[in-house]
Asks: 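Sharing a structure below in structure tokens format, with a few things to ask.
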Amino acid sequence: MAARVEHLVTSGHFTLDGGTWEVENNVWIVGDDHEAIVIDAAHDADAIAEAVGERRLTAIVCTHAHNDHIDAAPALAERTGATIWLHPDDLPLWKQTHPGRDPDAWLTDGQLIEAAGADLRVLHTPGHAPGAVCLYDPQLATVFTGDTLFQGGPGATGRSYSHFPTIITSIRDRLLALPPDTRVLTGHGDSTTIGAEAPHLDEWIARGH
């Protein structure tokens with residue numbers, strides 16, 4: 001059975017640099033009727049576990065370690081036995097939220113995460129966070145971009161551990177090189193496509209943030 005993508009929205013708070021904001025996060029579940037992975041376990045382990053249902057959850061993949069994308073990961077892992085994956089460059093951010101619990105495994109650029117018929121290629125795309133990654137599956141014609149690329153532009157780079165020129169390089173070299181019809185499933189808000197965003201790169205650079 002071919003893998004499918006399911007979508008859940010959870011609500012909570014994003015906290016960094018002494019500020020706190022209310023946010024809604026996209027949680028993506030990739031798998032079939034028997035097995036699944038979760039991309040970004042945000043806010044509500046109960047709701048995510050309910051959406052996974054009776055399937056075996058093999059992995060919780062973190063696109064980056066801002067608290068709103070990882071706050072429910074340990075509880076979900078404990079409940080399901082899933083492995084938490086994070087890029088090691090984001091460990092300092094992870095430790096701000098989970099000082100007593102390390103991720104279980106490290107993501108590396110080019111690595112393949114298998115999920116019930118899906119093959120998700122890890123693309124290291126720093127800028128929003130040092131260890132930010134995107135996950136690309138050509139068979140699904142889909143890339144999960146976390147907070148690296150949204151409908152309308154790059155993720156925010158105005159806070160600690162972020163850097164605007166770096167995120168622009170990541171988007172230009174790693175994401176806009178993907179086929180134009182590739183669906184972009186983001187960490188917050190609406191989905192888009194590579195083809196819809198690519199023409200606006202120069203505008204983003206001119207805007208400078």
Asks: Measure the OG1-CG distance between Thr63 and Leu107 for me, rounded to the nearest 0.5 Å.
Replies: 10.0 Å
Asks: Please identify each residue that fulfils side-chain hydrogen bond (donor to acceptor under 3.5 Å, both in side chains) with His7, with sequence neighbours left out.
Replies: Asn26
Asks: Would Ile37 end up clustered with Tyr136 when hydrophobic side chains under 4.5 Å apart are linked, directly or stepwise?
Replies: no
Asks: State, to 0.1 Å, how close Ala118 and Leu140 come at their nearest heavy-atom pair, and which atoms those are.
Replies: CB-CD1, 4.1 Å
Asks: Taking the side chain as every heavy atom from C-beta outward, state whether Pro179 and Ile194 have any atom pair closer than 4.5 Å.
Replies: no
Asks: Quick one: SG on Cys62 to CG on Leu93, what's the gap to the nearest 0.5 Å?
Replies: 11.5 Å
Asks: Side chain of Asp40, backbone of Gly146: donor and acceptor closer than 3.5 Å?
Replies: no
Asks: Quick check for you: to the nearest 0.5 Å, what is the distance between Arg121 atom CZ and Gln111 atom CD?
Replies: 9.5 Å
Asks: With sequence neighbours left out, what residues match His163 under ring pair (Phe, Tyr, Trp, His ring centres under 6.0 Å)?
Replies: none
Asks: Using the test side-chain hydrogen bond (donor to acceptor under 3.5 Å, both in side chains), find all partners of Thr145 that sit at least two apart in sequence or belong to another chain.
Replies: none
Asks: Can you tell if the side chain of Thr108 reaches within under 4.5 Å of the side chain of Val122, non-hydrogen atoms only?
Replies: no
Asks: Do Leu176 and Phe164 share a hydrophobic cluster, counting only Ile, Leu, Val, Met, Phe, Trp and Tyr and linking them when any side-chain heavy atoms are less than 4.5 Å apart?
Replies: yes
Asks: With a 4.5 Å heavy-atom cut-off, do Val61 and Leu120 have their side chains touching?
Replies: no
Asks: How is the hydrophobic cluster of Leu112 composed, in terms of its other members, when Ile, Leu, Val, Met, Phe, Trp and Tyr link through side-chain heavy atoms under 4.5 Å apart, directly or indirectly?
Replies: none
Asks: Look at the side-chain heavy atoms of Ile, Leu, Val, Met, Phe, Trp and Tyr, link any pair under 4.5 Å apart, and say whether Trp28 and Phe150 land in one connected group.
Replies: no
Asks: Cut-off 3.5 Å, no hydrogens considered: what does the side-chain donor-acceptor table look like for residues 9-16, sequence neighbours left out?
Replies:
{"from": "Thr10", "atom 1": "OG1", "to": "Ala42", "atom 2": "O", "distance (Å)": "2.8"}
{"from": "Thr15", "atom 1": "OG1", "to": "Thr20", "atom 2": "OG1", "distance (Å)": "3.1"}

Asks: Side chains of His69 and His188: closer than 4.5 Å at any heavy-atom pair?
Replies: yes
Asks: Mind listing the closest non-hydrogen atom pair of Ala45 and Ala72 along with its distance?
Replies: N-CB, 3.7 Å
Asks: With ILVMFWY side chains joined below 4.5 Å, transitively, what does Leu86's cluster contain besides itself?
Replies: Leu8, Val27, Ile29, Val38, Ile48, Val52, Leu57, Ile60, Ile70, Leu76, Ile84, Leu91, Trp94, Trp106
Asks: Is the backbone N or O of Pro165 less than 3.5 Å from a side-chain atom of Thr169, with the two atoms forming a donor-acceptor pair by type?
Replies: yes
Asks: Under the salt bridge (charged side-chain N to carboxylate O under 4.0 Å, His left out) rule, what pairs show up with a residue in residues 68-81, not counting sequence neighbours?
Replies: Asp46-Arg79
Asks: How many angstroms lie between OG1 in Thr166 and CD1 in Ile171, if you round to the nearest 0.5 Å?
Replies: 11.0 Å
Asks: Would you mind listing every salt bridge (charged side-chain N to carboxylate O under 4.0 Å, His left out) that reaches into residues 125-148, with sequence neighbours excluded?
Replies: none
Asks: Applying side-chain contact (heavy atoms from CB on, under 4.5 Å), run through Thr80 and Arg55 and close with a yes or a no.
Replies: CA-CA 10 Å; Thr80 61; Arg55 291 175 287 181; over 6 Å; no
Asks: Are Gln151 and Glu197 packed together at the side-chain level, in the sense that at least one heavy-atom pair is separated by less than 4.5 angstrom?
Replies: yes
Asks: For residues Leu149 and Trp204, determine if any side-chain heavy atom of one lies less than 4.5 Å from a side-chain heavy atom of the other.
Replies: yes
Asks: Looking at every non-hydrogen atom in both residues, tell me the closest pair between Ala59 and Ala82 and how far apart they are.
Replies: N-CB, 3.9 Å
Asks: Can you tell me if CD on Glu203 sees more than 12 non-hydrogen neighbours from other groups inside 6.0 Å?
Replies: yes
Asks: Return yes if some donor-acceptor pair links the side-chain N/O of Asn67 with the main-chain N/O of Gln96 below 3.5 Å, else return no.
Replies: no
Asks: Which pairs count as salt bridge (charged side-chain N to carboxylate O under 4.0 Å, His left out) when at least one residue sits in residues 158-187, sequence neighbours excluded?
Replies: Asp109-Arg174
Asks: Heavy atoms, side chains only, cut-off 4.5 Å: are His87 and Thr125 in contact?
Replies: no
Asks: Could you tell me if the side chain of Val5 sits less than 4.5 Å from the side chain of Leu185, heavy atoms only?
Replies: yes
Asks: Which heavy atom in Ala132 sits nearest to a heavy atom in His124, and how many Å separate them?
Replies: O-CD2, 3.2 Å
Asks: According to salt bridge (charged side-chain N to carboxylate O under 4.0 Å, His left out), who are the partners of Asp104, at least two apart in sequence or on a separate chain?
Replies: Arg101
Asks: Closest approach of Gly31 and Ala116, non-hydrogen atoms and distance?
Replies: CA-CB, 3.8 Å
Asks: Applying salt bridge (charged side-chain N to carboxylate O under 4.0 Å, His left out) as the test, list every pair that has at least one member in residues 89-98; sequence neighbours left out.
Replies: Lys95-Asp102
Asks: With hydrophobic residues grouped by side-chain heavy-atom distances under 4.5 Å, do Ile39 and Val133 end up in a single group?
Replies: yes
Asks: Are Leu175 and Val184 connected, step by step, through hydrophobic side chains (Ile, Leu, Val, Met, Phe, Trp, Tyr) whose heavy atoms are closer than 4.5 Å?
Replies: yes
Asks: In chain order, what residues pass the ring pair (Phe, Tyr, Trp, His ring centres under 6.0 Å) check against His128, with sequence neighbours excluded?
Replies: His64, His66
